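Atoms considered below: every heavy atom in the structure, side chains included; atoms not considered: hydrogens, waters and symmetry mates. Treat the numbers as computed from the prediction; the structure is a model and nothing was measured.
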Number of protein chains: 2
Amino acid sequence: METHKAKRVTLADVAKASGMSKAAVSLILNNKEGARLSAEAKERVREVAKELGYRPNAAAQSLRSGKTRTLGFISDQVTVTRFASEMITGILRAAEARDHTVLIAETFGKPDQIAEAITQMTDRDVDGLILGFMDSRQRDLKIPHTGLPTVLVNGIDDSPCTAVLPNEWESGAKAVQRVIESGARSVAVIGELANAEKDPRTYPSISRRFSSLRGTLAETKLEVLGHWVLDDWNPTDGYEATTQLLAEGHSPDAIICANDRVAMGVFQALAEQGLTPGKDLSVLSFDDEIIASYLRPQLSSIRLPYEEMGSLAVDLLLDGNLKPGEHQIDMPLIERDSMMAH
Amino acid sequence: METHKAKRVTLADVAKASGMSKAAVSLILNNKEGARLSAEAKERVREVAKELGYRPNAAAQSLRSGKTRTLGFISDQVTVTRFASEMITGILRAAEARDHTVLIAETFGKPDQIAEAITQMTDRDVDGLILGFMDSRQRDLKIPHTGLPTVLVNGIDDSPCTAVLPNEWESGAKAVQRVIESGARSVAVIGELANAEKDPRTYPSISRRFSSLRGTLAETKLEVLGHWVLDDWNPTDGYEATTQLLAEGHSPDAIICANDRVAMGVFQALAEQGLTPGKDLSVLSFDDEIIASYLRPQLSSIRLPYEEMGSLAVDLLLDGNLKPGEHQIDMPLIERDSMMAH
DNA sequence: GTCTTGTGCTAAATGGATTTAGCACTTTCT
DNA sequence: AGAAAGTGCTAAATCCATTTAGCACAAGAC
C-alpha cells in the first residue's frame, strides 16, 4: 500500500487526478460560496481528495493567509501543581473544539524569560497568546507589547488587558456561608499570607480571598477564634498553627484553611488530639488540589476552576472578545466529608 | 515608534534597506559557508536586520525546507498526576535548548483519539512525535503508522519502536537494598496490582517493579510478612491493608509501598497505632509524587524520573537516534525521613 | 592579448494553497 | 440577429525564504 517514497499529496495532485485546476479544487474543498462549479465536479473532486488522502499543507496555508490556527500558551511553571495541567486541559479542549492547535512554552519561573518565550511564539506566528500564571506571587510581569491578541490567566498587569481570574470575592463569602450552615458558632481562619494585602497586584487571587473572608466574617455573629497569618502555606504551617490554637485552649466549631496543603497539616494536628473533621468539628479549605480527596476524611474544598479558566481564555481569544477587563469564574464548593452536616 | 500598520519586516525589506539582494541577505543571515560575500556587506546586512527587527517567517521557512523545528507531544492525560507536567517540563527544556518548539495535544484518555491527535500533528508537519503515556494501564495503543520519527515515553507497543522507560528492574532491587541497609529483618510489601503480571504489556512499568521486588526479596534473608495485592492504589487501600496487617499481629521492621498514595494510607494506619515511620519502623515508597514531601514525617521514595524521560525523548528524536529498543532511565532514591538510619 | 581562475553578487525557480481577474461558452432578452 | 446576462472553469499573482545557476568584473598565468 505504501508508496516507495512517502511524498505528501498536494493540491496539484488532486487537481491532476480529477482533471480540474488547482483553483477549482481549492474552491471546492473550502466550500467557497461565491464559486460557480458544477455539482458533478464538486463531487468528483471531493472523492478524489479523500481517495488520495489529501491534507492541506499548513505551512503553505499560513504563508498565504497569515493565520496559523495555532494558539500560544506560556506558563510560568508547569511543574509543581495540578493547576497548570488543568489549565492546559481546558485550553486544549476549547482549542480542539475550534480546530486550533496549541504551542507551549515555559519561563521556568524566571520572569525575564517571558520575552524569549513570546519571541518564540511570534516567530511561529501564533494567532493569539495565553499567559498563564500559576505562581500568584509573580510580580513585575514586564509583558512585552506584541501586536498579538493576548489573554492573561490568573494574573493582572498594569497595562489594560483582558484577564481571566477565579472569583475570589465570592469564594470567601461562600466559605463563610457554608460554615454558618454547618451550625458553627466559632471559627478559626488559618493561613492568611503576611504580605498579601500589602501588595494586591502581586497576589491578586489571595488578597481577594482574604478580603472577602474577613469582610463577610465581620457581618456575621460568628466568633472568630484565631486568624493565623503564615509566611507559607505548607502542611507544616497548618500543623503548627493548629497545634498552637488548641494548646491555647480554643476549640473552634469550624476551621477555614487557606488551601489544601494547610488543611493537611490541620488534619494531622487534629488527629493528634483525637479530633475528627466532619464529626467533632468542620474543616473547609480552598483550591481542591488532588490531596483533598486523599485525606481521611476527604476534605471539602472550594475549587480553583483552572480548567474553565483555560477554556474561557481560548474562547475570548478566538471570538476576538478582547476588551480590557476581568472575567471572573465561579469557584465551586466541592463537598466531601470534612464539614458537619448540621 | 510603532508604525501605524504593524506589518512584519520581511527579507525583502532588509534587502532593500541594505541595498543587497534577497539572496545575499539570506546567505548572510544564515551564515552559509560557501557564499562569497564581502565582510563589509555581511556587517551591513546584519546591522540593518537587527535595526529593522527582522525575524524570518516560520511558515515560509517550513514551506521551503519541509522542516518546522516543531515537535509534537501527545499525552493520554495531562490532568491527574504530576507526571505529565514533569514530562512536559523535560520536553520543553530539551526542545528549547535546541531551538525547537512544542505542539501539544491530548487524547483525554480515549485511545481512539490518538489517531485524531496524530492527524493534527502531521497536518502541522511536526518534525517528530513524542507519545507520552501517564496511565500505565493503557492497552491497545493502536498507534497509526505515520512516516514520522516517533518516541514512546512510558509505554511499549507491539510494533518495534523507540521507547523511553523508567528503570523499574533496578528500582525494586534498590528498594530492597535500602531496606536491608536500614537494619530491617522483616518487611511487608503493600500494593501489588492484581493483574499486572498477567499482562505486562498493559502495565510495563508496574509489572517490572514487582518482578524485581519479588526476585530480589527471594535472594535475601528478609522475612516477608505480607505481600498485599490491591485492586487500586489509593490511600484507602494502603490504610486498610496496613490496618489488617497490624491486626493480624505482624510488626514489620519495614514497609515497602507500591506508590506514595498507598504510603499515605499506610502512614494514617500507622499513626492510629501510635507508630511513627523513621522512628519505630521504616517506610519506603515509589514515584515521589508531591505528597511525599507533605507527609509527616516526609516520605522516602524512589522517584519516577519523568522530566529526564521527556528530555531524553527529545534528544533521541533530534539526534535521529531511533533504533527500535528501550532506553531505561535510572530511578533515584529520594531520601527523606521515613527510613530508619541503622 | 587571450585564457583561466577567483570574487562578489543577483535573477529566478521553488515549495503549496488561495484568490482575483477574466476567458469561452451557453442561454435569455429585446 | 445582436446584446446582455449567466455558467463553468482556469491562469497567474501572491505569501516569504532558500538555493542554484550563472553574470560581470578583476587579477594572475603564459
Side-chain angles (χ1 to χ4, degrees), chain A residues 5-46 48-49 52-70 99 122-127, chain B residues 5-46 48-49 52-70 99 122-127:
Chain A
K5 187 117 192 166
K7 245 204 130 212
R8 229 167 118 164
V9 178
T10 70
L11 194 72
D13 298 330
V14 177
K16 195 175 296 173
S18 62
M20 300 289 282
S21 68
K22 292 193 301 170
V25 174
S26 173
L27 259 15
I28 290 169
L29 295 181
N30 290 303
N31 294 310
K32 285 288 164 195
E33 287 298 323
R36 304 169 310 224
L37 290 157
S38 65
E40 182 208 8
K42 286 183 191 168
E43 198 186 338
R44 183 155 34 94
V45 165
R46 277 196 259 264
V48 171
L52 262 45
Y54 168 70
R55 304 248 82 206
N57 177 313
Q61 285 182 317
S62 347
L63 182 57
R64 188 77 234 281
S65 66
K67 296 262 160 276
T68 51
R69 305 193 74 72
T70 298
D99 193 30
T122 48
D123 279 1
R124 309 282 159 152
D125 233 337
V126 297
D127 295 342
Chain B
K5 185 117 191 165
K7 247 205 124 212
R8 224 165 121 164
V9 177
T10 71
L11 193 72
D13 298 329
V14 178
K16 194 176 297 172
S18 63
M20 300 289 281
S21 67
K22 292 195 300 169
V25 175
S26 173
L27 259 14
I28 290 169
L29 294 182
N30 291 301
N31 293 311
K32 286 287 164 193
E33 287 297 324
R36 303 172 309 222
L37 291 156
S38 64
E40 182 209 7
K42 286 183 191 169
E43 196 184 340
R44 183 156 32 94
V45 165
R46 276 196 260 264
V48 171
L52 263 45
Y54 168 71
R55 303 248 82 205
N57 177 312
Q61 284 181 317
S62 340
L63 183 57
R64 188 80 234 282
S65 67
K67 296 262 161 271
T68 52
R69 304 193 75 73
T70 297
D99 193 29
T122 49
D123 279 2
R124 309 281 160 154
D125 234 337
V126 297
D127 295 342

Does dC9(D) have its OP1 or OP2 closer than 4.0 Å to a side-chain nitrogen or oxygen of Ser38(A)?
yes

Check the distance between dA17(C)'s P and Arg55(A)'s CZ and give it to me in whole angstrom.
12 Å

Nearest-nucleotide 5' precedence on DNA chain C, Leu27(B) against Ala24(A)
Leu27(B)

Distance-only donor-acceptor test, Arg36(A) side-chain atoms vs dG8(D) base atoms, 3.5 Å:
yes

Is the closest side-chain donor-acceptor distance between Arg55(B) and Thr122(A) under 3.5 Å?
no

Just to confirm, is there a sub-4.0 Å distance from OP1 or OP2 of dA17(C) to any side-chain nitrogen or oxygen of Asn30(A)?
no

When rounded to whole Å, the CZ to P distance for the pair Arg64(A) and dA17(C) reads 13 Å

If I compare all heavy atoms of Tyr54(A) with all of Val9(A), which pair ends up nearest, and what's the gap?
CD1-O, 3.4 Å

Closest heavy-atom pair, Asn31(A) versus Arg46(A), reported as atoms and distance to 0.1 Å, is OD1-NH1, 3.1 Å

Heavy-atom nearest pair, Asp99(B) first then Arg124(A), reads O-NH2, 4.0 Å

Can you measure Ile28(B) atom CD1 to dG8(C) atom C1' for me and round it to whole angstrom units?
10 Å

Is there side-chain contact between Arg8(A) and Asp125(B), with at least one heavy-atom pair below 4.5 Å?
yes

Between dT10(C) (C1') and Leu37(B) (CG): distance, integer Å
10 Å

Contact class for Ala59(B) vs. all strands (heavy atom < 4.0 Å): base, sugar-phosphate, or nothing?
nothing

Closest to the 5' end of DNA chain D, once Glu40(A) and Lys22(A) are matched to their nearest nucleotides, is Glu40(A)

Under-4.0 Å side-chain N/O to phosphate OP1/OP2 contact, Gln61(A) with dG16(C)
no

With respect to the phosphate group of dT19(D), does any side-chain polar atom (N or O) of Lys32(B) fall under 4.0 Å of OP1 or OP2?
yes

Give the rounded distance in Å between these two atoms: CZ of Arg69(B) and P of dT18(D).
11 Å

Using a cut-off of 4.0 Å on non-hydrogen atoms, how would the nucleic acid contact of Ser26(A) be classed: base, sugar-phosphate, or nothing?
base

So, OP1 or OP2 of dC15(D): does either fall under 4.0 Å of a side-chain N or O from Asn57(B)?
no

Please tell me if Thr10(A) has a side-chain N or O lying less than 4.0 Å from either OP1 or OP2 of dG16(C).
no

What is the distance, to the nearest angstrom, from the CG atom on Leu11(A) to the P atom on dT18(C)?
7 Å

side-chain N/O Tyr54(B) vs dA17(D) OP1/OP2, d < 4.0 Å:
yes

Rounded to whole Å, how long is the line connecting atom CG of Asn31(A) with atom P of dT19(C)?
13 Å

Can you tell me the distance, in whole Å, between the CG atom of Leu63(A) and the C1' atom of dA13(D)?
13 Å

